[in-house]
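Start at 1 and go down the list; that is how both ligands and their atoms are numbered. Please read all numbers here as calculations on a predicted model, not as lab measurements.
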Amino acid sequence: MYVKTNNYPQKTNIMYKNFKTHLEKELQDIKDAGLYKNERIIVTPQSSDIEVEANGKRGEVLNFCANNYLGLADNSRLIEAAKRAMDARGYGMSSVRFICGTQDMHKELERAISDYFKTEDTILYAACFDANGGLFEPLFTEEDAIISDALNHASIIDGVRLCKAKRFRYKNADMADLERCLQEAQTCRYRIIATDGVFSMDGNVAPMDKICDLAEKYDALVMVDESHSAGVVGKTGHGVAEQYDCYGRIDIFTGTLGKSFGGAMGGFTTGPKEIIDMLRQRSRPYLFSNSVAPSIVGASIEMFKMLGESDDIHTRLMENVEYFRTRMLEAGFDIKPTQSAICAVMLYDAKLSQDFAAEMQKEGIYVTGFYYPVVPKDQARIRVQLSAAHTREQLDKAIAAFIAVGKRLNVIK
Ligand SMILES: *Cc1c(COP(=O)(O)O)cnc(C)c1O
C-alpha cells in the first residue's frame, strides 16, 4: 500500500489564503444543501458482490449501482486477454494516435466496434466524454444547428458548447418539441439531432424510430450516445438501432468501453467513413490526448469476440430486469417503465430517498437515492441498476430488503 508522506510546505501564500476561505465556504454550502459527494471505498474487484471499507471496518454489500450491466468488470476471460495484450504490446503508448500511438490492436478494435454497430469506421478516444467533447466542433460551424434533448449527458452538452453551431433544445423525448426545433432550424445549412440512447435517470429509451422520421422529414443528421444502451437495449443488446430497426438511419454513434463493454475505460465514435476521417484530422481530444492502453484494447477485442459468440449474457440481463421489476411491482412499488437495465423506484420525496438508501445499506444492499437537482423536484427515487452478474439469490435478497425497508418507511403496505 502507498502511504503518503506529509512533506508539503507548511507555508501558504497570501493569495491562496483568501481563495481557500472562499473554497471552504462554497464546500460548506454544498454540504448544507445535502449535495456533497463522498467516495465509497471498495476493496475488491467491481462486481455484483463487493466489499467496502468505512471507518476502518470492512463489510460485504450487494451492488446495484454500477454500470456493470453485462457483469464483465471482473470477467476472467477479459482479465486474461488484458494480460496477454500487455505481454505482447506493453503497458502504455506514450503517444497520441497519429504520432506513434497506433498499434495493430487499435485498428482491430475499431473494426470490431464498426462491426458491432454495423458502421463503416470507428475512432477510439480515452473516454466517451472525449468522444462527445470532440464530436461537434470539427464538423459544424455557426451556419449549422445542433438540436439536443434536454436530458442529454453532460459530455454532449459540453461538446455542443465547444462548437459554434446554433443550439436548440427539446424536452426529453418530446417529438412535438423536437419538430418545433427542426422547423426553427430550417434556415441553417446542416442540422444534427443529438440524443442519449438511454437516459440514465429514468431508464427510458430515446424513440429512435420517430426521431429518424422527423430527421428525414426535416433533413437532419442523427447522433446517438449509446453509453447506457449498447450491450443492453435491442433484441440481442446491440443498442437502439437494433431496438427500433433504425440501421442506416442513424448517422453517428458514440459510446463507452466503461459500462456494458467491460467497464475499464475508453470511448468511441462510429459512423460513415468521411465523418470518422474528419474527426481524425480535427477532433481535439483525439489529436491531443494519449492512446488507449494495450491491456484495455486487447481485452475489448476479446469482449466483442465473446459477445459475438453468444447472446447468453444479454439474455440473462434481460431475465434479471424482468424478474426484479415483476417482483417489485407485485410488492406495490411504483416503478418507471423501462426497456433498459435501469429501474427507477419512485419515492417522490427527497429526504425519503436518502433515508431509504441508507436503510438499504444497513440491509447490505448498495443503491443510490437521487433527488433535485439531479432529477426534477418531487421526483426523488432510488435508481437500481441490474446486471447479468446478479444471481437469483442476490436479486431475492435485494427485493426482500426493498420490501422490509418499504414497510418500515411506510412506502408500501
Ligand atoms: C457514462 C456516459 C458518458 C461518459 O463515458 P466515459 O467513457 O466514462 O467518459 C457519456 N455519455 C453518456 C450518455 C454516459 O452515460
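- Between Phe402 and Phe333, the angle of the ring planes goes over 60°, which puts this pair in the perpendicular group of the 30/60° scheme.
- Contact residues of ligand 1 (protein heavy atom closer than 4.0 angstrom to a ligand atom; sorted by chain and number): Ala127, Cys128, Phe129, Asn132, His153, Ser155, Asp196, Asp225, Ser227, His228, Thr256, Lys259, Gly266.
- Only one option out of Asn152, Asn204, Asp196 pairs with Asn172 in a side-chain hydrogen bond (donor to acceptor under 3.5 Å, both in side chains); it is Asn204.
- Both cation-pi conditions hold for Arg327 and Tyr323: the charged atom is under 6.0 angstrom from the six-membered ring centre and inside a 45 degree cone around its axis.
- Although no hydrogens or angles enter the test, the distance criterion places a donor-acceptor pair under 3.5 Å between the side chain of Gln186 and the main chain of Tyr218.
- With hydrogens and angles ignored, the 3.5 Å screen pairs a side-chain donor or acceptor of Asp144 with a backbone N or O of Thr141.
- Of the possible polar contacts, one joining the Gln103 side chain to the Arg89 backbone as a donor-acceptor pair under 3.5 Å is found.
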